[in-house]
Amino acid sequence: MAYVAVSGGKEAIEESIRLLDFYKSGSDKDVDVEAIENKMSLLVDRVMGEAGLYAKSYAALALKQCEGSVDEAVFLLRAYRSTLTRNYYTNAVNTDEMRMVRRISAAFKDIAGGQILGATYDYTHRLIDFDADGKQASVQARQDLIAAQTPEPVADCPRVSDELKREGLIDRCSRDGRPPCDVTVNMLEFPAGRSARLQTLARADTGFISGLAYSSLRGFGQVHPTVGELRCGYAELCIPYPPDESESIYIGEILITEVECFHEADDKDRLKLAVGYGAVFGRNENKAIAMAIIDNELEHGGPHPAQDEEFVLMHGDSLEMNGFISHLKLPHYVTFQSKLDAVRKTRKAKDE
């Protein structure tokens with residue numbers, strides 16, 4: 001389809017693209033990719049998560065290219081991801097052994113290994129600092145801060161849920177022995193397996209998932225959950241070593257946020273607690289919590305939107321969501337004329 005009323009055709013489109021460069025050239029100061037990657041890390045983490053590709057520099061480059069639009073950046077990163085070859089699948093990541101930078105629990109004050117506050121905006125004043133433009137921390141200041149730290153032995157931080165599992169207060173996840181479903185290769189089918197569900201939620205639009213979780217908290221779903229444990233840290237990635245795959249090779253680490261939420265059980269006797277799980281790339285705590293809430297809602301099902309598996313999984317994809325909405329800007333001359341004709345005929349029939 002094309003806008004037949006727009007003169008110029010190809011030339012008009014080229015000028016439209018040039019106009020994008022005009023909007024990005026309002027200042028002689030340039031924002032380089034490294035600055036976006038390190039100064040806008042929360043935004044970069046969100047783009048990586050929704051795109052399903054852990055590549056900080058590429059996510060930062062995509063954000064620069066599209067003027068900071070999350071939707072467009074996710075589109076660019078997913079398009080690039082589709083061109084990459086898949087040589088290996090990593091072994092299942094053991095997040096029990098992650099190198100943690102933040103760990104809190106809203107369920108217990110004292111937990112084995114202690115709580116680690118880490119970096120968070122939870123306790124900052126929500127006031128604009130109008131002098132912030134001149135307060136950018138330098139690389140040297142960062143290095144000085146690191147040098148001033150005293151090395152401490154890594155604390156053993158067992159999961160908060162482990163103790164509850166030993167007491168029989170929550171169930172352990174059962175494994176059927178089947179490999180996880182890869183939703184980027186296989187079409188999503190319903191009812192979806194839990195691995196497919198969690199993958200889809202991890203790549204879903206942050207705002208959509210947060211809104212659904214909020215609807216559950218307000219009464220359209222289960223009761224108020226408790227964050228049993230929120231941990232953010234670096235998890236090691238290993239791939240099987242050929243030919244017999246009896247060994248593994250370490251290939252790097254990724255920063256992830258992982259959450260377990262405890263819910264009241266839906267049975268009358270309340271003999272056990274239910275658990276919801278969420279894990280996302282980077283530092284994106286609200287999405288991980290929202291994901292854990294939705295995971296529990298979908299596990300139990302019900303009449304509300306957040307409990308409808310097909311509704312949640314089919315409408316949360318940021319790429320498809322924004323693409324379908326964006327297509328409404330394209331010409332719909334024929335379909336709209338048919339709607340007009342139908343309305344005119346109905347009005348004419350009533351007048352007669």
Side-chain angles (χ1 to χ4, degrees), residues 41 44-56 58-59 77 81 84-105 111-113 116 118 154-162 165 170 172-186 192-204 206 209 227-242 244-261 275-285 287-292 294-295 299:
S41 57
V44 169
D45 288 349
R46 174 175 174 177
V47 171
M48 289 195 306
E50 295 180 12
L53 177 63
Y54 193 91
K56 287 181 176 289
Y58 291 155
L77 207 57
R81 181 185 185 278
L84 302 177
T85 58
R86 181 168 304 184
N87 297 320
Y88 304 99
Y89 280 93
T90 63
N91 296 330
V93 175
N94 185 1
T95 55
D96 292 348
E97 301 174 357
M98 73 163 60
R99 180 165 55 87
M100 279 184 284
V101 296
R102 174 164 158 78
R103 182 200 188 212
I104 61 170
S105 172
I111 56 178
I116 305 171
V154 177
D156 183 20
C157 299
R159 291 185 179 277
V160 172
S161 60
D162 287 346
K165 290 175 182 177
I170 59 177
R172 297 181 182 273
C173 293
S174 59
R175 298 180 180 179
D176 54 13
R178 293 182 299 175
C181 173
D182 187 344
V183 298
T184 65
V185 175
N186 303 296
R194 193 155 186 255
S195 63
R197 180 198 306 163
L198 291 175
Q199 287 178 64
T200 304
L201 291 176
R203 299 204 315 164
T206 299
I209 294 298
V227 175
E229 184 174 6
L230 182 154
R231 51 171 64 192
C232 180
Y234 293 89
E236 293 186 352
L237 298 180
C238 297
I239 59 173
Y241 182 74
D244 58 0
E245 298 187 351
S246 60
E247 301 292 336
S248 297
I249 299 178
Y250 169 79
I251 60 172
E253 61 183 10
I254 58 174
L255 178 65
I256 64 172
T257 301
E258 183 184 45
V259 170
E260 284 185 314
C261 277
V275 180
Y277 178 80
V280 296
F281 282 158
R283 297 158 55 209
N284 197 345
E285 296 179 4
K287 182 179 180 180
I289 295 173
M291 180 179 169
I294 299 301
D295 174 47
E299 188 71 20

Looking at every heavy atom in both [X] and [Y], which two are closest together, and how far apart are they?
| X | Y | result |
| --- | --- | --- |
| Tyr54 | Glu253 | CE2-O, 4.5 Å |
| Thr257 | Ala288 | CG2-CB, 3.9 Å |
| Phe281 | Ile254 | CE2-CD1, 4.0 Å |
| Arg203 | Ala51 | NH1-O, 3.9 Å |

Taking side chain to side chain contact (heavy atoms under 4.5 Å, CB included) as the test, write out the residues that go with [X], two or more places apart.
| X | value |
| --- | --- |
| Ile239 | Tyr88, Thr90, Ile249, Ile251 |
| Tyr89 | Arg86, Asp182, Val185 |
| Leu53 | Ala55, Leu77, Tyr80, Arg81, Leu84 |
| Glu236 | Tyr250 |

Mind checking what makes side chain to side chain donor-acceptor pair (under 3.5 Å) contact with [X], not counting sequence neighbours?
| X | value |
| --- | --- |
| Thr200 | none |
| Asn94 | Glu97 |
| Ser105 | none |
| Asn91 | Ser248 |

Exercise for review: Applying salt bridge (Lys or Arg N to Asp or Glu O under 4.0 Å), name anything that partners Glu258, two or more places apart in sequence or on another chain.
Suggested key: Arg159
**Study point:** Pairing residues for Arg231 by the salt bridge (Lys or Arg N to Asp or Glu O under 4.0 Å) criterion, not counting sequence neighbours
**Key:** Glu229
When rounded to the nearest 0.5 angstrom, what distance separates [atom1] in [X] from [atom2] in [Y]?
| X | Y | atom1 | atom2 | answer |
| --- | --- | --- | --- | --- |
| Cys232 | Met100 | SG | CE | 10.5 Å |
| Ile294 | Cys261 | CD1 | SG | 10.5 Å |
| Ser41 | Met48 | OG | CE | 9.0 Å |
| Asp45 | Ile256 | CG | CD1 | 12.0 Å |

Residue pair [X] / [Y], side-chain heavy-atom distance below 4.5 Å:
| X | Y | value |
| --- | --- | --- |
| Ile116 | Val101 | no |
| Ser161 | Ile170 | yes |
| Leu230 | Arg102 | yes |
| Glu299 | Arg197 | yes |
| Met291 | Leu198 | yes |
| Val280 | Arg46 | no |

Check your understanding: Backbone N or O of Val275 within a donor-acceptor pair of the Glu260 side chain at under 3.5 Å?
Key -> no
Review point. Picking from Ile289, Val160, Ile104, what satisfies side-chain contact (heavy atoms from CB on, under 4.5 Å) with Val227?
Key: Ile289
Review point. Are more than 12 heavy atoms from other residues, nucleotides or ligands located less than 6.0 Å from atom OH of Tyr58?
Key: no
Review point. Can Arg283 and Leu255 be said to form a side chain to side chain contact (heavy atoms under 4.5 Å, CB included), step by step?
Key: CA-CA 7 Å; Arg283 297 158 55 209; Leu255 178 65; 3.9 Å; yes
